[in-house]
Amino acid sequence: MAEHGATVLRVCRAVLGPADADDAWSETFLAALKAYPRLPADANVEAWLVTIAHRKAIDVTRAAARRAVPVADVPEPPPAGQADGRDTELADALAALPRRQREAIAYHYLAGLPYAEVAAIIGGSAEAARRSASDGIARLRRIHPGPGRNGGPS
């Protein structure tokens, strides 16, 4: 957990957003602890954990779709920057991407998995995973220019 916890949390945040990421992270490691004795000695632990996180993210998404959350008043949106240093505008832009692009970016760029392992997680070929990530990054650059580009702060 100490070695791969941050990577799994980044993936959960990228796929689910900050509201559900902590729950998916916890569920990932609970499931991993149960399954660890059956893990082959030569397994890529990081890829294995990201695969579990992917499945837990699907579970969280399905559960959220099944329940309605009524509220009396709509809360105010959080300010653009978070106290923990996360760029919420970037997180929103990432959340706006199609699912496959968002997952390919999260698993390759945030978890550091090679495209072959990304493809094994999300389905398809390594080339398709590379293309999804590339298309997603290109779209992110268009909708969220980032610091130092297109007049943003440096």
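Heavy atoms only: backbone and side chains are in, while hydrogens, waters and symmetry mates are out. On a predicted model such as this, the values are computed, not experimentally measured, just so you know.
Between atom OG of residue S134 and atom CD of residue E127 there is a gap of 13.0 Å, rounded to the nearest 0.5 Å. The distance from the CD atom of Q101 to the CG atom of L94 is 10.0 Å, given to the nearest 0.5 Å. Within the model, atoms NE2 of H144 and CD of E89 stand 6.0 Å from one another, a figure rounded to the nearest 0.5 Å. How far NE2 of H4 is from CZ of F29: 8.0 Å, rounded to the nearest 0.5 Å. In this structure, CG on L140 lies 11.0 Å from CG on D135, to the nearest 0.5 angstrom. The CH2 atom of W48 sits 7.5 Å away from atom OH of Y36, with the distance rounded to the nearest 0.5 Å.
Annotation for A47 and E117: closest pair CB-OE1, 2.9 Å, computed over non-hydrogen atoms. Among all heavy-atom pairs drawn from A119 and G124, the shortest one is CB-O, 3.4 Å. The two residues V50 and A111 make their nearest non-hydrogen contact at CG2-CB, 3.7 Å. Counting all heavy atoms, side chain and backbone alike, A133 lies closest to A104 at N-CB, 3.7 Å. Between A57 and L16 the shortest heavy-atom distance is O-CD2, 3.5 Å. Of all heavy-atom pairs between L33 and P37, the closest is O-CD, 3.7 Å.
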Test side-chain contact (heavy atoms from CB on, under 4.5 Å) on I121 and L113; report intermediate values, then the result.
CA-CA 10 Å; I121 294 170; L113 298 179; 3.6 Å; yes
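The shortest distance between side-chain heavy atoms of D22 and L9 falls below 4.5 Å. The side-chain heavy atoms of T51 and H54, taken from C-beta on, include no pair separated by under 4.5 Å.
A donor-acceptor pair under 3.5 Å is formed between the side chain of W25 and the backbone N or O of G5. Using a distance-only test at 3.5 Å, with no hydrogens or angles considered, no donor-acceptor pair links the side chain of R100 to the main chain of A128.
Residue I137 is grouped with residue L97 when hydrophobic side chains (ILVMFWY) are merged at heavy-atom distances under 4.5 angstrom, including chains of intermediate members. Under a hydrophobic-cluster definition in which Ile, Leu, Val, Met, Phe, Trp and Tyr are linked whenever side-chain heavy atoms come within less than 4.5 Å, directly or via other members, V15 and I122 are assigned to the same cluster. By the criterion of side-chain heavy atoms lying less than 4.5 angstrom apart, applied directly or through intervening Ile, Leu, Val, Met, Phe, Trp or Tyr residues, V11 is not grouped with V45; the two fall into different hydrophobic clusters. Follow the hydrophobic side-chain contacts under 4.5 Å out from L39 and you reach V8 in the same cluster. No continuous path of hydrophobic side-chain contacts links L30 to I52 [ILVMFWY only; heavy atoms under 4.5 Å].
Between Y115 and H108, the two ring planes are parallel [angle under 30°; tilted spans 30° to 60°].
No salt bridge links D59 with R55; every basic N to acidic carboxylate O contact stays at or beyond 4.0 Å.
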